[in-house]
Amino acid sequence: MEEQFVVRQEKLKKLEALGVAPYPYRYEVSHRFAEVIAAHKERDAEQLQRDAAAVRVAGRVVAIRSMGKSVFMHLFDGSDRLQVYVRKDGVGERDWAVTGLLDIGDIVGAAGTVFKTRTGELSVLVQELTFLAKSFHPLPEKWHGLQDKEVRFRQRYLDMIVNPDATEVFRKRSRLIQAVRRFFHERGYVEVETPMMHPIPGGASARPFVTHHNALDIDLYLRVAPELYLKRLLVGGMEKVFEINRNFRNEGISLMHNPEFTMIEFYELYRDFSDYMDLSETLLLELAGELLPDAVLRWQDKEIPLRPPFRRVKYMDAIAEKSGLALEALWDEAAMRAHIAKALPNEPMPPTYGKMLDLLFSHYVEDGLVEPTFVTYFPKAISPLSKVSRLDERETERFELYIAGMEIANGFSELNDPLEQRRRFEAQARDRERGDDEAQRIDGGFLTALEHGMAPAAGEGIGIDRLVMLFAGAASIKDVILFPLLRPKE
RNA sequence: GGCCCCUUAGCUCAAUUGGCAGAGCAAUUGACUCUUAAUCAAUAGGUUGAAGGUUCGAUUCCUUCAGGGGUCACCA
């Protein structure tokens, strides 16, 4: 609001008139609030008075209670709150004048001694108050915090100042990614960075974002997946490799989808999809050990135990069971078409057989996969990069891990036969001609790499944002992405 | 993109059937040297998201637009 902005600018001028530097360069902090609290919370008022431990702390003023010649304030350091107490006769004349000019939102340093108030709250009796930065805007209300989701996402810093839980989610995210990295480093994986801009988008079925490089005068696509580049590294002999980075998909936004999202992809030579299902279980349990009190995900109103081995169900069996369709019908395009026309009359008829399968899977199966479940042996038609099953040539050695109705991971025995890979790409090209504009494109450079010989390998991708949702109990992907995509305002 | 819902003071929310736009917090002024949702007294703060329409009269009803949320589709 205009008026408050003006008033606060006037206060800044008054500070300068007192000889206070309004934007000093540094402040020597001796303890974070959590350290002060941990060190002294168990001691009683008498002990604290005897010792008079000296601290220098800093934070944002989030509450002011003035008693006239003494002022209580709560400071917030990004994680914790700490009360400080300024008395007129306890600080210098100038510091007292500064205290009177403070607004909620200002940032200050406080040097003094730790004590306990009459009501037992650990506080700092201030001897020296240092002004560190001015806030010209009022903070959201103290009781209810900031409710407006739009403001929370557009001005995430306000969310973080007022709703400490928001920050906690992102600390968890950081710890989770750190734990994932350590997991793979401990197993001898090499972390790499492959291009974010691809001349041919590949590695996943999705619409890409397009951009243009001026000097080369070529269109480039923001990557939808790093897969085809990571496999080139397998050809090069990198035995274990992973990448944690952003993917970009030009698709809709929902509780589970943001156009840019973080993914880990990892690959290991001489392994197959079965090894990677085991590895996924190990990883999730290790993350639970790191982030949860026990191996139980608490998400929304659900309790989801992580108890290996996770349930395993074949993709086609899952659809057959939930739809009531016979397995033979699922393998027959005409029968599928008839079923969809009759049972799902409001759905537009998918252009390809693979899209029909997708439709039935998401309609009948997906939401019901709450407990951790590996869906296995995806049909060849929708798995252009995975190896054919040893058991049934219509299927592939591919799995997806579902938890809480969300797809969390996707892995397979990597197709390494270049002639077969070329045929799969050609089948995708035919799907594209039939109207599936997410069908994968032929990447000649990738085929050439395979032609040089790639050892058998397993590969997998895990959606990090969704994993954070599960481990932090977040209902929306927007709650685990600091700045989710919103339509720009004005 | 389709459908449904929301948008009122800086923030959180009210406003009876269409009849004078309010409260708490925040802010301003004053009192107060252990408060913590501090307290007490006073003051100020509004183009009710925007533009039209109906009406004597619109926060309220209608249309269009903008932003957001939910949902469906696509996707992870």
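Here the structure is a predicted model, which means the values were calculated and not measured. Proteins get letters first, then strands, A, B, ... in listed order; numbering begins at 1 in each.
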What interatomic distance, in whole Å, is found between [atom1] of [M] and the corresponding atom of [N]?
N: C4(B); M: A73(B); atom1: C1'; answer: 16 Å
N: U35(B); M: U8(B); atom1: P; answer: 38 Å
N: U39(B); M: G24(B); atom1: C1'; answer: 15 Å
N: G46(B); M: C65(B); atom1: P; answer: 31 Å

Inset, instruction - Measure the distance between the ring centre of Trp143(A) and the centre of the six-membered base ring of G24(B), then answer whether it is under 5.5 Å with planes under 30°. - result: no
Considering only heavy atoms and no angle criterion, is a donor-acceptor pair shorter than 3.5 Å present between the side chain of [X] and the base of [N]?
X: Asp89(A); N: U33(B); result: yes
X: Glu141(A); N: G24(B); result: yes
X: Gln83(A); N: U35(B); result: yes

Legend entry - Distance (rounded to the nearest 0.5 Å) between Leu176(A) CG and Phe183(A) CZ: 12.0 Å
Inset, instruction - Could you tell me the separation between the CZ atom of Phe378(A) and the CZ atom of Phe273(A), rounded to the nearest 0.5 Å? - result: 11.0 Å
Legend entry - Pairing stems for RNA chain B [at least three consecutive pairs; Watson-Crick or G-U; under 3.5 angstrom]: B:1-7 with B:66-72, B:10-13 with B:22-25, B:27-31 with B:39-43, B:49-53 with B:61-65
Restricting to nitrogen or oxygen on both sides, can you table the protein-nucleotides 21-23 of chain B pairs closer than 3.5 Å?
none

Inset, instruction - Apply side chain to side chain contact (heavy atoms under 4.5 Å, CB included) to the pair Met73(A) and Val71(A), showing each step before the final yes or no. - result: CA-CA 6 Å; Met73(A) 292 185 286; Val71(A) 177; 3.9 Å; yes
Which listed nucleotide ([options]) is nearest to the side chain of [X]?
X: Leu255(A); options: G70(B), A27(B), C13(B); value: G70(B)
X: Glu121(A); options: U35(B), C34(B), A27(B); value: U35(B)
X: Lys69(A); options: G68(B), U33(B), C74(B); value: U33(B)

Inset, instruction - Say whether, by atom type as modelled, one donor and one acceptor occur between the side chain of Arg60(A) and the main chain of Val108(A) under 3.5 angstrom. - result: no
Legend entry - Short side-chain to backbone donor-acceptor contact, Tyr276(A) and Glu268(A), under 3.5 Å: yes
Legend entry - Residues which pass side chain to side chain donor-acceptor pair (under 3.5 Å) with Glu333(A), listed by chain and number, not counting sequence neighbours: Arg337(A), Arg434(A)
Inset, instruction - Give one of base, sugar-phosphate or nothing for Ser205(A), where a contact means two heavy atoms less than 4.0 Å apart. - result: sugar-phosphate
Legend entry - Between U12(B) (C1') and Leu158(A) (CG): distance, integer Å: 15 Å
Legend entry - ring pair (Phe, Tyr, Trp, His ring centres under 6.0 Å) assessment of Phe361(A) paired with Tyr402(A): CA-CA 12 Å; Phe361(A) 184 79; Tyr402(A) 282 83; 5.6 Å; yes
Legend entry - From Arg424(A), Glu395(A), Arg398(A), residue fulfilling side-chain hydrogen bond (donor to acceptor under 3.5 Å, both in side chains) relative to Ser383(A): Arg398(A)
